[in-house]
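Proteins get letters first, then strands, A, B, ... in listed order; numbering begins at 1 in each.
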Amino acid sequence: MCASAGYRAVRSFLRAYEGSEQTFNSYRTHVERLLLWALIVRHKSIFTLKRQDAEAYLQFCRNPPTNWIGSVTRGRFIANKDAETAVVYPVVPNPKWKPFSQKLSALNAQADAVQVYAASKGTMNQIFSVCSSFYEFLAEDNLVSLNPFRLVKNKRDFTGNLTAEAQNRALTPLQWDYVLETAESMASAEPLRHERTLFILATLFAMYLRISDLVGRSNWEPCMGDFRQDPEGNWWYHVIGKGNKPGKIAVRDEYVDRYLRRYRTFLGLPNLPAEKERTPLLTTLEGRAGLSGRQVRTLLQSVFDNALAKMKAEGREAYEMNSLRSASAHWLRHTSATFDAPFRKAKDLQLDLRHSNLSTTQDTYYHSHDQERMHSIKRLGMRERD
DNA sequence: AACCAAACAGAGGCCACACC
DNA sequence: GGTGTGGCCTCTGTTTGGTT
(Lines give C-alpha, C1' and ligand atoms only; values in the text may rest on other atoms or scores of the structure.)
Protein backbone atom coordinates (compact mmCIF):
# COMPACT_ATOMS: atom_id res chain seq x y z
CA MET A 1 0.00 0.00 0.00
CA CYS A 2 1.42 3.35 -0.90
CA ALA A 3 0.41 6.97 -0.56
CA SER A 4 -1.40 7.02 -3.86
CA ALA A 5 -3.63 4.13 -2.78
CA GLY A 6 -4.54 6.19 0.28
CA TYR A 7 -5.27 9.13 -1.93
CA ARG A 8 -7.57 7.05 -4.14
CA ALA A 9 -9.41 5.71 -1.10
CA VAL A 10 -9.96 9.22 0.21
CA ARG A 11 -11.30 10.29 -3.14
CA SER A 12 -13.78 7.51 -3.40
CA PHE A 13 -14.93 8.12 0.16
CA LEU A 14 -15.53 11.77 -0.60
CA ARG A 15 -17.37 11.01 -3.80
CA ALA A 16 -20.16 9.53 -1.70
CA TYR A 17 -20.89 13.03 -0.38
CA GLU A 18 -20.60 15.04 -3.55
CA GLY A 19 -24.37 15.54 -3.59
CA SER A 20 -24.29 17.58 -0.43
CA GLU A 21 -21.80 20.34 -0.76
CA GLN A 22 -21.29 21.46 2.79
CA THR A 23 -20.94 17.96 4.10
CA PHE A 24 -18.48 17.24 1.32
CA ASN A 25 -16.38 20.26 2.23
CA SER A 26 -16.11 19.48 5.88
CA TYR A 27 -15.40 15.83 5.23
CA ARG A 28 -12.70 16.78 2.76
CA THR A 29 -11.08 19.01 5.35
CA HIS A 30 -10.94 16.22 7.87
CA VAL A 31 -9.82 13.31 5.77
CA GLU A 32 -7.16 15.38 4.08
CA ARG A 33 -5.87 16.44 7.46
CA LEU A 34 -5.78 12.86 8.62
CA LEU A 35 -3.91 11.86 5.48
CA LEU A 36 -1.35 14.63 5.99
CA TRP A 37 -0.82 13.75 9.61
CA ALA A 38 -0.40 10.06 8.88
CA LEU A 39 2.21 10.67 6.20
CA ILE A 40 4.09 13.64 7.59
CA VAL A 41 3.93 13.20 11.34
CA ARG A 42 3.34 9.52 11.84
CA HIS A 43 5.16 8.24 8.75
CA LYS A 44 2.51 5.60 8.22
CA SER A 45 0.01 4.72 5.57
CA ILE A 46 -3.57 5.42 6.59
CA PHE A 47 -4.27 1.72 6.04
CA THR A 48 -2.02 0.70 8.90
CA LEU A 49 -3.18 3.05 11.66
CA LYS A 50 -3.99 1.38 14.98
CA ARG A 51 -5.87 2.48 18.04
CA GLN A 52 -2.83 4.25 19.49
CA ASP A 53 -2.42 6.17 16.24
CA ALA A 54 -6.04 7.27 16.35
CA GLU A 55 -5.59 8.50 19.89
CA ALA A 56 -2.40 10.30 18.95
CA TYR A 57 -4.21 11.95 16.07
CA LEU A 58 -7.04 13.22 18.26
CA GLN A 59 -4.48 14.57 20.66
CA PHE A 60 -2.70 16.24 17.77
CA CYS A 61 -5.91 17.89 16.56
CA ARG A 62 -6.73 19.24 19.94
CA ASN A 63 -3.43 20.99 20.09
CA PRO A 64 -1.69 21.16 16.73
CA PRO A 65 1.77 22.71 16.31
CA THR A 66 1.63 26.38 15.45
CA ASN A 67 3.05 25.92 11.97
CA TRP A 68 -0.06 23.90 11.10
CA ILE A 69 -2.35 26.76 12.12
CA GLY A 70 -3.19 29.75 9.96
CA SER A 71 -4.33 33.03 11.44
CA VAL A 72 -7.08 33.34 8.85
CA THR A 73 -8.88 30.77 6.81
CA ARG A 74 -7.40 30.57 3.33
CA GLY A 75 -8.76 29.04 0.17
CA ARG A 76 -7.55 25.49 -0.32
CA PHE A 77 -6.97 26.14 -4.02
CA ILE A 78 -6.31 29.23 -6.08
CA ALA A 79 -6.60 29.90 -9.79
CA ASN A 80 -3.64 28.75 -11.81
CA LYS A 81 -1.92 31.86 -13.18
CA ASP A 82 0.34 29.92 -15.49
CA ALA A 83 -1.36 29.95 -18.86
CA GLU A 84 0.39 26.86 -20.18
CA THR A 85 -0.59 24.48 -17.39
CA ALA A 86 -3.89 26.18 -16.63
CA VAL A 87 -5.63 24.22 -19.35
CA VAL A 88 -4.96 20.98 -17.53
CA TYR A 89 -4.93 22.33 -13.97
CA PRO A 90 -7.34 25.26 -13.65
CA VAL A 91 -6.60 25.51 -9.94
CA VAL A 92 -3.47 24.86 -7.92
CA PRO A 93 -2.94 24.42 -4.17
CA ASN A 94 -2.81 27.69 -2.29
CA PRO A 95 0.64 28.07 -0.67
CA LYS A 96 -0.86 30.14 2.16
CA TRP A 97 -3.31 27.41 3.14
CA LYS A 98 -2.92 25.64 6.50
CA PRO A 99 -4.76 22.58 7.76
CA PHE A 100 -6.04 24.40 10.86
CA SER A 101 -6.99 27.97 11.39
CA GLN A 102 -7.78 30.16 14.28
CA LYS A 103 -9.98 33.17 14.02
CA LEU A 104 -8.88 36.26 15.81
CA SER A 105 -12.27 37.85 15.80
CA ALA A 106 -12.54 41.42 16.97
CA LEU A 107 -15.14 40.38 19.47
CA ASN A 108 -13.11 37.99 21.56
CA ALA A 109 -9.64 39.21 20.78
CA GLN A 110 -9.12 40.28 24.37
CA ALA A 111 -6.50 42.99 24.43
CA ASP A 112 -3.17 41.36 23.72
CA ALA A 113 -3.91 38.03 25.29
CA VAL A 114 -2.26 35.27 23.30
CA GLN A 115 -4.94 32.98 22.02
CA VAL A 116 -4.12 29.34 22.42
CA TYR A 117 -5.64 27.05 19.89
CA ALA A 118 -7.92 24.60 21.60
CA ALA A 119 -10.47 22.73 19.53
CA SER A 120 -13.97 22.84 21.00
CA LYS A 121 -16.11 19.89 21.91
CA GLY A 122 -18.10 20.18 18.70
CA THR A 123 -14.98 20.25 16.59
CA MET A 124 -13.48 17.24 18.30
CA ASN A 125 -16.74 15.37 17.87
CA GLN A 126 -16.72 16.13 14.22
CA ILE A 127 -13.13 15.04 13.76
CA PHE A 128 -13.92 11.84 15.53
CA SER A 129 -17.05 11.07 13.59
CA VAL A 130 -15.61 11.89 10.17
CA CYS A 131 -12.51 9.78 10.75
CA SER A 132 -14.61 7.00 12.12
CA SER A 133 -16.98 6.96 9.20
CA PHE A 134 -14.01 7.09 6.84
CA TYR A 135 -12.65 3.89 8.36
CA GLU A 136 -16.07 2.25 8.29
CA PHE A 137 -16.04 2.97 4.59
CA LEU A 138 -12.56 1.48 4.15
CA ALA A 139 -13.60 -1.59 6.10
CA GLU A 140 -16.57 -2.13 3.79
CA ASP A 141 -14.16 -2.17 0.89
CA ASN A 142 -11.82 -4.54 2.74
CA LEU A 143 -9.03 -1.98 2.66
CA VAL A 144 -8.62 -2.20 6.42
CA SER A 145 -9.74 -4.86 8.84
CA LEU A 146 -10.81 -2.59 11.67
CA ASN A 147 -11.72 0.97 12.44
CA PRO A 148 -9.02 2.33 14.77
CA PHE A 149 -11.23 5.21 15.87
CA ARG A 150 -13.97 2.92 17.09
CA LEU A 151 -11.46 1.36 19.46
CA VAL A 152 -10.35 4.59 21.07
CA LYS A 153 -10.42 4.31 24.84
CA ASN A 154 -11.94 6.97 27.01
CA LYS A 155 -13.50 8.89 24.17
CA ARG A 156 -14.54 11.56 26.55
CA ASP A 157 -10.94 12.48 27.17
CA PHE A 158 -10.93 13.71 23.61
CA THR A 159 -14.45 14.71 22.74
CA GLY A 160 -16.09 15.51 26.01
CA ASN A 161 -15.23 18.99 27.03
CA LEU A 162 -14.06 20.72 30.03
CA THR A 163 -15.89 24.00 29.68
CA ALA A 164 -18.85 23.18 27.48
CA GLU A 165 -21.41 25.37 29.13
CA ALA A 166 -24.59 25.33 27.12
CA GLN A 167 -25.27 28.87 26.09
CA ASN A 168 -28.68 30.31 25.63
CA ARG A 169 -29.07 31.16 22.00
CA ALA A 170 -32.14 33.27 22.21
CA LEU A 171 -32.70 37.01 22.57
CA THR A 172 -34.52 38.25 25.63
CA PRO A 173 -37.92 39.90 25.05
CA LEU A 174 -36.30 43.26 25.70
CA GLN A 175 -33.52 42.65 23.20
CA TRP A 176 -36.00 41.44 20.61
CA ASP A 177 -38.03 44.65 21.05
CA TYR A 178 -34.94 46.67 20.32
CA VAL A 179 -33.96 44.53 17.37
CA LEU A 180 -37.37 44.73 15.71
CA GLU A 181 -37.70 48.42 16.37
CA THR A 182 -34.22 49.02 15.01
CA ALA A 183 -35.01 47.11 11.84
CA GLU A 184 -38.24 49.06 11.42
CA SER A 185 -36.54 52.38 11.73
CA MET A 186 -33.75 51.30 9.40
CA ALA A 187 -36.42 50.32 6.86
CA SER A 188 -38.21 53.65 7.21
CA ALA A 189 -35.03 55.68 7.01
CA GLU A 190 -33.53 53.86 4.04
CA PRO A 191 -36.29 51.89 2.36
CA LEU A 192 -34.27 51.03 -0.71
CA ARG A 193 -31.63 49.28 1.34
CA HIS A 194 -33.52 48.12 4.36
CA GLU A 195 -37.12 47.24 3.61
CA ARG A 196 -35.59 43.98 2.49
CA THR A 197 -33.64 43.69 5.75
CA LEU A 198 -36.80 44.14 7.80
CA PHE A 199 -38.61 41.58 5.68
CA ILE A 200 -35.81 39.06 6.23
CA LEU A 201 -35.79 39.62 9.97
CA ALA A 202 -39.57 39.40 10.30
CA THR A 203 -39.82 36.35 8.09
CA LEU A 204 -37.15 34.35 9.90
CA PHE A 205 -38.67 35.23 13.23
CA ALA A 206 -42.33 34.77 12.37
CA MET A 207 -41.88 31.24 11.08
CA TYR A 208 -38.90 30.00 13.06
CA LEU A 209 -36.94 29.59 9.84
CA ARG A 210 -33.43 28.41 9.30
CA ILE A 211 -31.54 30.71 7.03
CA SER A 212 -31.62 28.12 4.27
CA ASP A 213 -35.42 27.96 4.46
CA LEU A 214 -35.35 31.56 3.30
CA VAL A 215 -32.56 31.61 0.72
CA GLY A 216 -33.32 28.17 -0.68
CA ARG A 217 -31.03 25.38 -1.70
CA SER A 218 -29.81 23.68 -4.84
CA ASN A 219 -33.20 22.29 -5.79
CA TRP A 220 -35.44 25.06 -4.51
CA GLU A 221 -35.61 28.82 -5.05
CA PRO A 222 -38.18 30.31 -2.69
CA CYS A 223 -40.78 32.52 -4.33
CA MET A 224 -43.91 34.37 -3.27
CA GLY A 225 -46.02 31.49 -4.53
CA ASP A 226 -44.58 29.36 -1.75
CA PHE A 227 -46.99 31.21 0.51
CA ARG A 228 -50.24 29.36 -0.11
CA GLN A 229 -53.70 29.80 1.26
CA ASP A 230 -55.73 26.76 2.26
CA PRO A 231 -59.48 26.40 1.65
CA GLU A 232 -60.13 27.99 5.04
CA GLY A 233 -58.12 31.03 4.16
CA ASN A 234 -55.09 30.28 6.32
CA TRP A 235 -51.62 30.92 5.00
CA TRP A 236 -48.85 28.32 4.90
CA TYR A 237 -45.26 28.72 3.84
CA HIS A 238 -43.99 25.71 1.91
CA VAL A 239 -40.30 24.88 2.12
CA ILE A 240 -37.72 22.29 1.24
CA GLY A 241 -35.94 22.11 4.55
CA LYS A 242 -32.82 20.62 6.10
CA GLY A 243 -31.91 17.29 4.56
CA ASN A 244 -34.15 18.11 1.56
CA LYS A 245 -37.28 17.43 3.54
CA PRO A 246 -40.37 19.21 2.27
CA GLY A 247 -42.56 20.85 4.87
CA LYS A 248 -45.00 23.64 5.55
CA ILE A 249 -45.21 26.20 8.30
CA ALA A 250 -48.31 27.87 9.68
CA VAL A 251 -48.10 31.62 9.12
CA ARG A 252 -49.41 33.96 11.79
CA ASP A 253 -51.83 36.74 10.84
CA GLU A 254 -49.70 39.54 12.17
CA TYR A 255 -46.86 38.56 9.88
CA VAL A 256 -49.11 38.56 6.81
CA ASP A 257 -50.90 41.75 7.76
CA ARG A 258 -47.88 43.78 8.67
CA TYR A 259 -44.66 42.48 7.24
CA LEU A 260 -45.57 40.52 4.16
CA ARG A 261 -47.97 43.23 2.97
CA ARG A 262 -45.49 45.95 3.78
CA TYR A 263 -42.72 44.38 1.77
CA ARG A 264 -44.97 43.59 -1.17
CA THR A 265 -46.27 47.14 -1.19
CA PHE A 266 -42.70 48.38 -1.22
CA LEU A 267 -41.98 46.10 -4.17
CA GLY A 268 -45.07 47.41 -5.96
CA LEU A 269 -46.87 44.09 -5.85
CA PRO A 270 -50.48 43.36 -4.92
CA ASN A 271 -51.01 42.98 -1.16
CA LEU A 272 -50.97 39.24 -1.07
CA PRO A 273 -49.17 36.55 -3.04
CA ALA A 274 -51.11 35.10 -5.93
CA GLU A 275 -51.38 31.40 -6.51
CA LYS A 276 -48.20 30.09 -8.16
CA GLU A 277 -46.69 33.58 -8.16
CA ARG A 278 -43.11 33.27 -9.34
CA THR A 279 -41.75 36.52 -7.85
CA PRO A 280 -38.57 35.56 -6.02
CA LEU A 281 -38.79 36.03 -2.27
CA LEU A 282 -35.48 37.85 -2.14
CA THR A 283 -33.45 39.68 -4.73
CA THR A 284 -30.24 41.64 -4.75
CA LEU A 285 -30.58 45.41 -4.73
CA GLU A 286 -30.09 45.30 -8.49
CA GLY A 287 -33.06 43.01 -8.72
CA ARG A 288 -31.39 39.74 -9.54
CA ALA A 289 -33.27 36.80 -8.02
CA GLY A 290 -31.82 35.04 -5.03
CA LEU A 291 -29.60 36.18 -2.19
CA SER A 292 -26.88 34.13 -0.57
CA GLY A 293 -27.02 33.02 3.02
CA ARG A 294 -23.76 34.88 3.49
CA GLN A 295 -25.35 38.17 2.54
CA VAL A 296 -28.43 37.57 4.68
CA ARG A 297 -26.21 37.03 7.70
CA THR A 298 -24.32 40.23 6.95
CA LEU A 299 -27.55 42.22 6.77
CA LEU A 300 -28.85 40.81 10.03
CA GLN A 301 -25.57 41.51 11.73
CA SER A 302 -26.00 45.18 10.90
CA VAL A 303 -29.40 45.13 12.61
CA PHE A 304 -27.97 43.49 15.72
CA ASP A 305 -25.13 45.99 15.78
CA ASN A 306 -27.48 48.94 15.51
CA ALA A 307 -29.80 47.54 18.15
CA LEU A 308 -26.89 47.16 20.52
CA ALA A 309 -25.78 50.73 19.85
CA LYS A 310 -29.29 51.92 20.57
CA MET A 311 -29.45 50.05 23.86
CA LYS A 312 -26.13 51.56 24.84
CA ALA A 313 -27.25 55.05 23.88
CA GLU A 314 -30.34 54.65 26.02
CA GLY A 315 -28.25 53.67 29.00
CA ARG A 316 -29.27 50.06 29.32
CA GLU A 317 -27.46 47.90 31.81
CA ALA A 318 -24.65 45.61 30.70
CA TYR A 319 -26.51 42.47 31.77
CA GLU A 320 -29.41 43.46 29.54
CA MET A 321 -27.23 43.87 26.47
CA ASN A 322 -24.39 41.39 26.76
CA SER A 323 -25.85 38.33 25.11
CA LEU A 324 -26.95 40.44 22.14
CA ARG A 325 -23.31 40.81 21.20
CA SER A 326 -23.13 37.19 20.15
CA ALA A 327 -26.52 37.07 18.44
CA SER A 328 -26.72 35.69 14.93
CA ALA A 329 -29.36 34.78 12.39
CA HIS A 330 -30.08 31.40 13.88
CA TRP A 331 -30.99 33.03 17.16
CA LEU A 332 -34.18 34.30 15.59
CA ARG A 333 -35.46 30.77 15.18
CA HIS A 334 -34.70 30.02 18.82
CA THR A 335 -36.05 33.30 20.04
CA SER A 336 -39.49 33.05 18.53
CA ALA A 337 -39.85 29.37 19.34
CA THR A 338 -38.93 30.16 22.93
CA PHE A 339 -41.44 33.00 23.13
CA ASP A 340 -44.22 30.92 21.60
CA ALA A 341 -43.66 27.65 23.41
CA PRO A 342 -45.76 28.52 26.46
CA PHE A 343 -48.71 29.34 24.23
CA ARG A 344 -48.58 26.50 21.75
CA LYS A 345 -48.96 22.77 22.00
CA ALA A 346 -45.59 21.06 21.70
CA LYS A 347 -46.89 18.99 18.81
CA ASP A 348 -47.83 22.10 16.82
CA LEU A 349 -44.53 23.78 17.49
CA GLN A 350 -42.71 20.60 16.50
CA LEU A 351 -44.42 20.57 13.11
CA ASP A 352 -43.66 24.20 12.43
CA LEU A 353 -40.05 23.80 13.49
CA ARG A 354 -39.95 20.65 11.36
CA HIS A 355 -38.31 18.53 13.99
CA SER A 356 -38.79 14.89 13.23
CA ASN A 357 -38.90 13.98 16.91
CA LEU A 358 -41.11 15.61 19.44
CA SER A 359 -38.40 15.09 22.01
CA THR A 360 -36.13 17.55 20.23
CA THR A 361 -38.80 20.24 20.58
CA GLN A 362 -39.60 19.27 24.15
CA ASP A 363 -35.98 19.25 25.26
CA THR A 364 -35.14 22.53 23.66
CA TYR A 365 -38.17 24.68 24.30
CA TYR A 366 -40.23 23.17 27.07
CA HIS A 367 -37.70 22.41 29.74
CA SER A 368 -34.35 23.87 30.30
CA HIS A 369 -34.93 27.49 29.51
CA ASP A 370 -33.14 29.53 32.09
CA GLN A 371 -35.57 32.41 32.00
CA GLU A 372 -38.60 30.28 32.66
CA ARG A 373 -36.79 28.25 35.22
CA MET A 374 -35.74 31.39 37.01
CA HIS A 375 -39.19 32.94 36.65
CA SER A 376 -40.83 30.00 38.36
CA ILE A 377 -38.70 30.38 41.45
CA LYS A 378 -37.94 34.06 41.67
CA ARG A 379 -41.04 35.09 43.62
CA LEU A 380 -41.36 31.99 45.71
CA GLY A 381 -40.78 32.84 49.32
CA MET A 382 -39.03 30.59 51.75
CA ARG A 383 -41.52 30.63 54.56
CA GLU A 384 -45.00 31.74 53.65
CA ARG A 385 -47.08 29.02 52.06
CA ASP A 386 -50.79 28.97 51.47
C1' DA B 1 -33.79 8.40 29.46
C1' DA B 2 -29.27 9.21 28.44
C1' DC B 3 -25.75 8.86 25.26
C1' DC B 4 -23.43 9.03 20.94
C1' DA B 5 -21.95 8.92 15.97
C1' DA B 6 -23.29 10.78 11.71
C1' DA B 7 -25.18 14.09 8.77
C1' DC B 8 -25.94 18.49 7.74
C1' DA B 9 -26.11 23.37 8.40
C1' DG B 10 -24.85 27.99 10.32
C1' DA B 11 -20.99 31.62 11.56
C1' DG B 12 -18.06 34.81 9.97
C1' DG B 13 -13.22 36.42 8.06
C1' DC B 14 -11.23 37.34 3.77
C1' DC B 15 -11.15 38.37 -0.95
C1' DA B 16 -12.40 38.93 -5.84
C1' DC B 17 -15.55 40.77 -8.79
C1' DA B 18 -19.19 43.61 -10.77
C1' DC B 19 -21.20 47.75 -11.12
C1' DC B 20 -21.87 52.30 -9.76
C1' DG C 1 -12.81 54.05 -4.46
C1' DG C 2 -16.92 52.59 -2.62
C1' DT C 3 -20.62 49.35 -2.06
C1' DG C 4 -23.05 45.11 -2.56
C1' DT C 5 -22.43 40.53 -3.26
C1' DG C 6 -21.17 35.71 -2.98
C1' DG C 7 -17.53 32.01 -2.99
C1' DC C 8 -14.40 29.78 -0.10
C1' DC C 9 -12.87 27.78 4.02
C1' DT C 10 -12.65 26.02 8.87
C1' DC C 11 -14.80 26.08 13.21
C1' DT C 12 -18.90 25.15 15.68
C1' DG C 13 -23.85 24.24 16.42
C1' DT C 14 -28.16 21.47 15.44
C1' DT C 15 -30.74 17.42 14.64
C1' DT C 16 -31.41 12.65 13.77
C1' DG C 17 -31.80 8.03 14.69
C1' DG C 18 -29.76 4.19 16.70
C1' DT C 19 -27.88 1.93 20.99
C1' DT C 20 -27.54 1.00 25.63
*Asks:* Does B/dG10 have OP1 or OP2 sitting under 4.0 Å from an N or O in the side chain of A/R169?
*Replies:*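 No, no such contact exists.
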*Asks:* Can you tell me if the side-chain N/O atoms of A/T360 get under 4.0 Å from OP1 or OP2 in C/dT15?
*Replies:*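 So the side-chain polar atoms of A/T360 never come under 4.0 Å of the phosphate oxygens OP1 or OP2 of C/dT15.
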*Asks:* About how many Å separate CE of A/M207 and CZ of A/R333, when rounded to the nearest 0.5 Å?
*Replies:* 12.0 Å
*Asks:* Assign each of A/S133 and A/S328 to its nearest nucleotide of DNA chain B by heavy atoms, then name whichever residue's nucleotide is nearer the 5' end.
*Replies:* A/S133
*Asks:* Report the distance from atom CG of A/N94 to atom P of B/dC15, rounded to the nearest whole Å.
*Replies:*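 Answer to the nearest Å: 11 Å.
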*Asks:* Would you say a side-chain N or O of A/T29 is under 4.0 Å from OP1 or OP2 of C/dC11?
*Replies:* no
*Asks:* Taking everything shown except A/E320 itself, do over 12 heavy atoms lie less than 6.0 Å from its CD?
*Replies:*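 Count over threshold, so yes.
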*Asks:* Establish whether the base of B/dG13 is bridged to the side chain of A/R294 by a donor-acceptor pair shorter than 3.5 Å.
*Replies:* yes
*Asks:* Ignoring backbone atoms, test whether A/W97 places a side-chain nitrogen or oxygen under 4.0 Å from the OP1 or OP2 oxygen of C/dC8.
*Replies:*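 A/W97 to C/dC8 OP1/OP2: no side-chain N or O under 4.0 Å.
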*Asks:* To the nearest Å, give me how far apart CZ (A/F24) and P (C/dC9) are.
*Replies:* 10 Å
*Asks:* Counting heavy atoms from C-beta on, name the nucleotide in C/dG17, C/dG6, C/dT12 closest to the side chain of A/Q126.
*Replies:*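 Nucleotide nearest to A/Q126's side chain: C/dT12.
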*Asks:* Is the phosphate of C/dT14 approached by A/H334 (side-chain N or O, under 4.0 Å from OP1 or OP2)?
*Replies:* yes
*Asks:* Would you mind reading off the distance between A/Q362 atom CD and B/dA2 atom C1', rounded to a whole angstrom?
*Replies:*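 It works out to 16 Å between those atoms.
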*Asks:* Are there over 12 heavy-atom neighbours, none belonging to A/E275, within less than 6.0 Å of that residue's CD?
*Replies:*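 Count not over threshold, so no.
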*Asks:* Ring pair (Phe, Tyr, Trp, His ring centres under 6.0 Å) for A/F134 and A/H30? Distances and angles first, verdict last.
*Replies:* CA-CA 10 Å; A/F134 174 56; A/H30 291 294; over 10 Å; no
*Asks:* Is it true that A/D352 and A/K248 have a side-chain N and a carboxylate O under 4.0 angstrom from each other?
*Replies:* no
*Asks:* Under 4.0 Å between a side-chain N/O of A/R28 and OP1 or OP2 of C/dC9, yes or no?
*Replies:* yes
*Asks:* Checking contacts here: which listed nucleotide (B/dA5, B/dA11, C/dG17) is nearest the side-chain heavy atoms of A/S356?
*Replies:* C/dG17
*Asks:* Can you check whether A/R297 has a side-chain N or O nearer than 4.0 Å to OP1 or OP2 of C/dT5?
*Replies:* no
*Asks:* When all nucleic acid strands are considered with a 4.0 Å heavy-atom cut-off, which category describes A/F100: base, sugar-phosphate, or nothing?
*Replies:*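 The residue A/F100 makes sugar-phosphate contact but no base contact.
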*Asks:* Can you tell me if A/K312 has over 12 outside heavy atoms packed within less than 6.0 Å of its NZ?
*Replies:*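 For A/K312, atom NZ is not crowded (no more than 12 foreign heavy atoms under 6.0 Å).
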*Asks:* Looking at A/S292, I'd like to know whether one of its side-chain N or O atoms comes within less than 4.0 Å of OP1 or OP2 on C/dT5.
*Replies:* no
*Asks:* Whole angstrom is fine here: how far is it from CZ in A/R210 over to P in C/dT14?
*Replies:*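 Taking atom P of C/dT14 as the reference, CZ of A/R210 is at 11 Å.
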*Asks:* In whole angstroms, how far is the P atom of B/dA9 from the CD1 atom of A/I240?
*Replies:*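 For the pair A/I240 CD1 and B/dA9 P, the rounded distance is 12 Å.
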*Asks:* Looking at B/dA9, I'd like to know if its phosphate oxygens (OP1 or OP2) sit under 4.0 Å from a side-chain N or O belonging to A/R217.
*Replies:*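 A/R217 to B/dA9 OP1/OP2: side-chain N or O found under 4.0 Å.
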*Asks:* Counting only side-chain nitrogens and oxygens, does A/S101 get under 4.0 Å of the OP1 or OP2 atom of C/dT10?
*Replies:*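 No, because none of the side-chain N or O atoms of A/S101 sits under 4.0 Å from OP1 or OP2 of C/dT10.
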*Asks:* Quick check: on DNA chain B, is the nucleotide nearest A/K96 upstream (toward 5') of the one nearest A/N147, or the reverse? Name the residue that is more 5'.
*Replies:* A/N147
*Asks:* Does B/dA9 have OP1 or OP2 under 4.0 Å away from a side-chain N or O of A/R354?
*Replies:* no
*Asks:* Calculate the interatomic distance between A/H30 atom NE2 and B/dC8 atom P; express it in whole Å.
*Replies:* 15 Å
*Asks:* Closest nucleotide of DNA chain C for A/R196 versus for A/H355: which of these residues is on the 5' side?
*Replies:* A/R196
*Asks:* Please work out if A/G241 contacts a base, only the sugar-phosphate, or nothing of the nucleic acid, heavy-atom cut-off 4.0 Å.
*Replies:*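 A/G241: no heavy atom of the nucleic acid under 4.0 Å.
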*Asks:* Using a cut-off of 4.0 Å on non-hydrogen atoms, how would the nucleic acid contact of A/Q301 be classed: base, sugar-phosphate, or nothing?
*Replies:*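 Sugar-phosphate, no base atom in range.
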*Asks:* Of all the nucleotides listed (B/dA6, C/dT14, C/dT5), which has the minimum atom distance to the side chain of A/L285?
*Replies:* C/dT5
*Asks:* Using the closest heavy atom to pick a nucleotide of DNA chain C for each, name whichever of A/E32 or A/R193 lands nearer the 5' end.
*Replies:*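 The answer here is A/R193.
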*Asks:* Looking only at the aromatic ring of each residue, does the gap between the centers of A/F205 and A/W176 stay below 6.0 angstrom?
*Replies:*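 Ring centres of A/F205 and A/W176 closer than 6.0 Å.
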*Asks:* Rounded to the nearest Å, what distance is computed from the CZ atom of residue A/R33 to the C1' atom of nucleotide C/dC9?
*Replies:*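 Spelled out: CZ on A/R33 to C1' on C/dC9 is 11 Å.
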*Asks:* Could you check how far CD of A/E286 sits from C1' of B/dC17, rounded to whole Å?
*Replies:* 13 Å
*Asks:* What does A/S129 touch in the nucleic acid at a heavy-atom separation under 4.0 angstrom: a base, only the sugar-phosphate, or nothing?
*Replies:*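 The residue A/S129 makes base contact.
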